[in-house]
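All chains are named by letter (A, B, ...) in the order of the sequence lines, taking the proteins before the strands, and each is independently numbered beginning at 1.
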Number of protein chains: 2
Amino acid sequence: MESDVSANSRLTIAAHTLTWIGLYQRRGHEVATSEQIATSVNTNPVVIRRLLGELRKAGLADSRRGAGAGWMLARDLAAITLLDVYQAIEPGPIFALHRATPDPECVVGHGIGPAMTAVYDDVEAALCRELAKTTLEDVLRDVLKAA
Amino acid sequence: MESDVSANSRLTIAAHTLTWIGLYQRRGHEVATSEQIATSVNTNPVVIRRLLGELRKAGLADSRRGAGAGWMLARDLAAITLLDVYQAIEPGPIFALHRATPDPECVVGHGIGPAMTAVYDDVEAALCRELAKTTLEDVLRDVLKAA
DNA sequence: AGGGTTGTAACAGCTACAGTTACGACTAAG
DNA sequence: CTTAGTCGTAACTGTAGCTGTTACAACCCT
């Protein structure tokens, strides 16, 4: 069973990335390069660029090209919640219905889809509510406290 | 991007399976075969048997072997919540930390793990709280209402 | 003109789930 | 005690997503 490697670490990486940029900017730098971030995250710069591309599309980050290029925040850390980040990078729902449509002749097969959808909607809503409670400012505060 | 096919449909299948057995038993039958269930779910009997194996390990279902064999519920539908089912079949957490440990020399790389873990624990708790609200009896009621 | 960085395509490796086939283990029924 | 039906499980394939990597064109400041 081991640790579930398939679980999404994308939210972790995204939060790490944005928090890193935020701290870097507060220390007086204009932009951060994907290489610098990748060093802190311990991964490949392309992975960071791909993620930041999605975050930019969602209006959370921005980039400059050419020499002296790099990435910056589009909003302050305090104005970005983990929900914003989550919605920027996680397209699909947590739970899915059947792949193949179940037997419509069967009472259960016919009615189970809507029944589970109602539950899943509530679960997703609760998850979003929880993620919205924490801003990247909160995350940075926790990070600095631990140091 | 499309609809996320990778999302877990296991909870859906498991709820469908147990609800089907419950209804079948209420109609006077002792046991249900994996083939019958697979027909309603529209999948392969082995998929059902594998799932039911995990559900049995969690004390939610039971089986009889030999001729006239099959599956039955270990508890009444009203005594099984979706959280029970979820915990029986989903081993890992929804979100994961970094695969490779981030740079411990970096303030963010050092502190981001615990910070995100705290958030993820809260999210998981909220998810469990939400799943615990619904029993399979509730699911069956919804299913029959839709018919 | 030069050099550093983004933006993106392409590919390999890994993991997980779904689906399928096959077959031994078990047991009720005859 | 033989038969038949079902479970229990291993093994394999196909599909999909994420990660990591290489490569290179596009871009733009100096």
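Remark: side-chain polar atoms of A/Thr39 are paired, donor with acceptor, to backbone N or O of A/Glu35 under 3.5 angstrom.
C/dG4 atom P lies 11 Å from atom CD of A/Glu35, rounded to whole Å. Here D/dG14 presents its P atom at 15 Å from CZ of A/Arg99, a figure rounded to the nearest Å. In this structure, B/Ile94 atom CD1 and C/dA16 atom P are separated by 17 Å, rounded to whole Å. In this structure, A/Leu55 places its CG atom 12 Å from P of C/dG7, rounding to the nearest Å. Rounded to whole angstrom, the span from the CD1 atom of A/Ile48 across to the C1' atom of C/dT5 amounts to 15 Å. The separation between B/Leu51 atom CG and C/dA18 atom P is 7 Å, rounded to whole Å. Protein atom CZ of A/Arg10 is 14 Å distant from nucleotide atom C1' of D/dG20, rounded to whole Å. Atoms CZ (A/Arg56) and P (C/dT6) sit 10 Å apart, rounded to a whole Å.
Both A/Ala32 and B/Thr43 sit near DNA chain C, but only A/Ala32 has its closest nucleotide nearer the 5' end. Comparing A/Trp71 and A/Arg50 by the nucleotide of DNA chain C whose heavy atom lies nearest to each, the residue mapping closer to the 5' end is A/Trp71.
Dashed line: the shortest gap from a side-chain N or O of A/Ser9 to OP1 or OP2 of D/dT19 is under 4.0 Å. When the side-chain nitrogen and oxygen atoms of A/Thr33 are compared with OP1 and OP2 of C/dT5, none of them lie within a distance under 4.0 Å. At least one side-chain nitrogen or oxygen of B/Ser63 sits closer than 4.0 Å to the OP1 or OP2 atom of D/dG8.
Ion pairing between A/Lys57 and A/Glu54 fails under the 4.0 Å rule for side-chain N and carboxylate O. Between A/Asp84 and A/Arg75, at least one side-chain N (NZ, or NE/NH1/NH2) sits under 4.0 Å from a carboxylate O, which counts as a salt bridge.
Test B/Leu55, B/Val31, B/Leu52 against B/Ile21 for side-chain contact (heavy atoms from CB on, under 4.5 Å) and you get one pass: B/Leu52.
Looking at residues 20-29 of chain A, you'll see that no heavy atom sits under 4.0 Å from any atom of DNA chain C.
Between B/Met72 and B/Gln25, the closest side-chain pair of non-hydrogen atoms falls below 4.5 Å. Between B/Ile94 and B/Glu124 the shortest side-chain heavy-atom distance falls below 4.5 Å. Inter-residue side-chain proximity for B/Tyr120 and B/Leu97 is flagged as met; some heavy-atom pair is nearer than 4.5 Å. Residues A/Ile80 and A/Thr135 form no side-chain contact, since every pair of their non-hydrogen atoms from C-beta on lies 4.5 Å or further apart. Between B/Val123 and B/Phe95, some side-chain heavy-atom pair lies under the 4.5 Å cut-off.
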* **Under 4.0 Å protein heavy-atom contacts per nucleotide of nucleotides 22-30 of chain C, with B for base, S for backbone only and - for none** => B-BBBBB--
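Heavy atoms of A/Gly70 sit under 4.0 angstrom from primed sugar atoms or phosphate atoms, though from no base atom.
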